[in-house]
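When reading the values below, keep in mind they use all heavy atoms of this one structure, side chains included, and skip hydrogens, waters and symmetry mates.
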Amino acid sequence: MGKRVALVLAGCGVFDGSEIHEASAALVHLSRGGAEVKIFAPSIEQRDVVNHLKGSPTEEKRNVLVESARLARGNIQDLAELKASEFDAVIFPGGFGVAKNLCSWAVDGKNCTVNEHVRSTLQAFHSAKKPIGLCCISPVLAAKVFPGCEVTVGQDKNVDGRFPDAETASAIAELGCKHICKNVNESHVDKANKIVTTCAFMCKAPLHEIFDGIGTMVQEVLKLA
């Protein structure tokens, strides 16, 4: 029987929701790994709605669960209904929606608050010693909820202009966590906490390298599950 994995989304679209390529990559690798996946998102209002053609915010109001349903092909549940006891692992793709909707990192940085259902979900899997997979900006959730954990968001310096958000690594360290430098096609496993992270679009890299990096994260999560 395949591992049971919960995938948590933050909307639909890189600038105000989940990064679509990351969510899709995670689902493809989970499918290849024989996992049974159920998708969740919190039923809350998005912090903002961005016109992805112009890159600017609009006056629209959208719901994170409703928008995430686009990525889930309609097969999705409210995050409030997720029970860690029914799953072997949980995975969070990245995208600005993580930093805007699942927590307030986009505005408050290391002083952010984490959505109550996101926090309780992370704590439930962690307490049950079940693996947590995070990519792109999502590792900041672990850094905020689990002081002392190890994560990666890529590099801590903007190497060759490929890591424009390298300062995130410093903020993670300031939270009392250890940042591990990794390349885009790699992931890091915090064995003590069963947290697996990869940088994905935190690195300016070809899509296939990002896809492969997410694959290593998914593989490690399934091994730990």
Side-chain angles (χ1 to χ4, degrees), residues 7-27 39-80 91-122 134-145 151 153-154 158 161-172 174-175 184 197-207 210-211 214:
L7 188 83
V8 181
L9 298 179
C12 181
V14 58
F15 297 126
D16 58 12
S18 288
E19 211 297 320
I20 294 170
H21 298 294
E22 291 178 14
S24 179
L27 288 166
I39 305 175
F40 297 84
S43 183
I44 56 175
E45 187 176 296
Q46 289 185 188
R47 180 174 187 88
D48 61 16
V49 177
V50 175
N51 179 325
H52 280 61
L53 181 61
K54 296 180 179 180
S56 57
T58 72
E59 296 301 315
E60 287 183 69
K61 302 293 184 186
R62 297 192 185 186
N63 177 279
V64 172
L65 177 58
V66 173
E67 292 303 298
S68 297
R70 295 173 179 271
L71 277 169
R73 297 171 62 87
N75 189 8
I76 194 168
Q77 294 173 259
D78 190 332
L79 182 60
I91 288 177
F92 289 75
F96 277 95
V98 172
K100 292 179 176 181
N101 304 325
L102 303 192
C103 70
S104 62
W105 187 279
V107 175
D108 302 318
K110 66 181 182 180
N111 298 316
C112 72
T113 56
V114 178
N115 172 273
E116 61 175 318
H117 294 303
V118 173
R119 179 181 288 275
S120 63
T121 294
L122 289 167
L134 305 145
C135 68
C136 194
I137 192 62
S138 291
V140 302
L141 296 173
K144 191 67 183 179
V145 177
V151 299
V153 289
N158 190 8
R162 298 175 74 221
F163 294 89
D165 301 304
E167 70 276 2
T168 304
S170 299
I172 286 169
E174 288 172 15
L175 284 170
V184 67
T197 51
T198 188
C199 69
F201 278 101
M202 294 293 276
C203 177
K204 289 185 175 180
L207 182 57
I210 292 164
F211 182 89
I214 293 171

ask   = About how many Å separate OG of Ser18 and CD of Glu67, when rounded to the nearest 0.5 Å?
value = 11.0 Å

request  = Please identify each residue that fulfils salt bridge (charged side-chain N to carboxylate O under 4.0 Å, His left out) with Arg47, with sequence neighbours left out.
outcome  = none

ask   = Run the side chain to side chain contact (heavy atoms under 4.5 Å, CB included) check on Asn63 and Ser43 step by step: do they pass?
value = CA-CA 6 Å; Asn63 177 279; Ser43 183; 3.4 Å; yes

key: With sequence neighbours excluded, residues passing salt bridge (charged side-chain N to carboxylate O under 4.0 Å, His left out) with Lys144   = none

Partner set under salt bridge (charged side-chain N to carboxylate O under 4.0 Å, His left out) for Glu45, not counting sequence neighbours = Lys61

task = Would you check if the side chain of Ser104 reaches a backbone N or O of Thr113 as a donor-acceptor pair within less than 3.5 Å?
result = yes

task = With side chain to side chain contact (heavy atoms under 4.5 Å, CB included) as the test, would you mind laying out the steps for Phe211 and Val184 before giving the verdict?
result = CA-CA 9 Å; Phe211 182 89; Val184 67; over 6 Å; no

inquiry  = Has Asp165 got a side-chain atom pairing as donor or acceptor with Thr168's backbone, closer than 3.5 angstrom?
reply    = no

inquiry  = Atom CZ of residue position Arg119 - does it have more than 12 heavy atoms of other residues, nucleotides or ligands inside 6.0 Å?
reply    = yes

ask   = Would you find a donor on one side and an acceptor on the other, under 3.5 Å apart, between the side chain of Glu22 and the backbone of Pro93?
value = no

inquiry  = I need the Glu19 CD to Leu71 CG distance, nearest 0.5 Å.
reply    = 9.5 Å

request  = Run through Leu141, Ile137, Val114 and flag the one making a side chain to side chain contact (heavy atoms under 4.5 Å, CB included) with Trp105.
outcome  = Ile137

Under 3.5 Å donor-acceptor, Ser24 side chain and Ile20 backbone = no

task = Please identify each residue that fulfils side-chain contact (heavy atoms from CB on, under 4.5 Å) with Ala166, with sequence neighbours left out.
result = Phe163

request  = Applying ring pair (Phe, Tyr, Trp, His ring centres under 6.0 Å), name anything that partners Phe40, two or more places apart in sequence or on another chain.
outcome  = Phe87

request  = First locate atom CG of Leu27, then atom CD1 of Ile39, and finally report the distance between them rounded to the nearest 0.5 Å.
outcome  = 5.0 Å

request  = Apply the test side chain to side chain contact (heavy atoms under 4.5 Å, CB included) to residues Leu79 and Val118: give CA-CA distance (whole Å), side-chain angles for both, the deciding distance (0.1 Å), then the verdict.
outcome  = CA-CA 8 Å; Leu79 182 60; Val118 173; 3.8 Å; yes

request  = Specify the closest pair of heavy atoms between Gly161 and Lys204, including all atoms of both residues, with the distance to one decimal.
outcome  = O-CD, 3.8 Å

Gap between atom CG of Asn101 and atom CG of Asp16 - 0.5 Å precision = 7.5 Å

key: Minimum heavy-atom distance between Gln46 and Gly11, given as atom pair plus value   = OE1-CA, 4.4 Å

Just distance, no hydrogens or angles: give the donor-acceptor pairs under 3.5 Å from side chains in residues 49-57, sequence neighbours left out.
{"from": "Asn51", "atom 1": "OD1", "to": "Leu53", "atom 2": "N", "distance (Å)": "2.8"}
{"from": "Asn51", "atom 1": "OD1", "to": "Lys54", "atom 2": "N", "distance (Å)": "3.0"}
{"from": "His52", "atom 1": "ND1", "to": "Val50", "atom 2": "O", "distance (Å)": "3.0"}
{"from": "His52", "atom 1": "NE2", "to": "Val14", "atom 2": "N", "distance (Å)": "3.4"}
{"from": "His52", "atom 1": "NE2", "to": "Phe15", "atom 2": "N", "distance (Å)": "3.1"}

note = Output for pair (Cys136 SG, His21 NE2), nearest 0.5 Å, gives 12.0 Å

ask   = Can you name the nearest heavy-atom pair linking Leu9 to Ser68, along with the distance?
value = CB-OG, 3.6 Å

query = Which distance, rounded to the nearest 0.5 Å, do you find between the CG of Leu122 and the NE2 of His117?
reply = 13.0 Å

ask   = If every non-hydrogen atom of Ala142 is compared with every non-hydrogen atom of Leu134, which pair is closest and at what distance?
value = CB-CD1, 3.6 Å

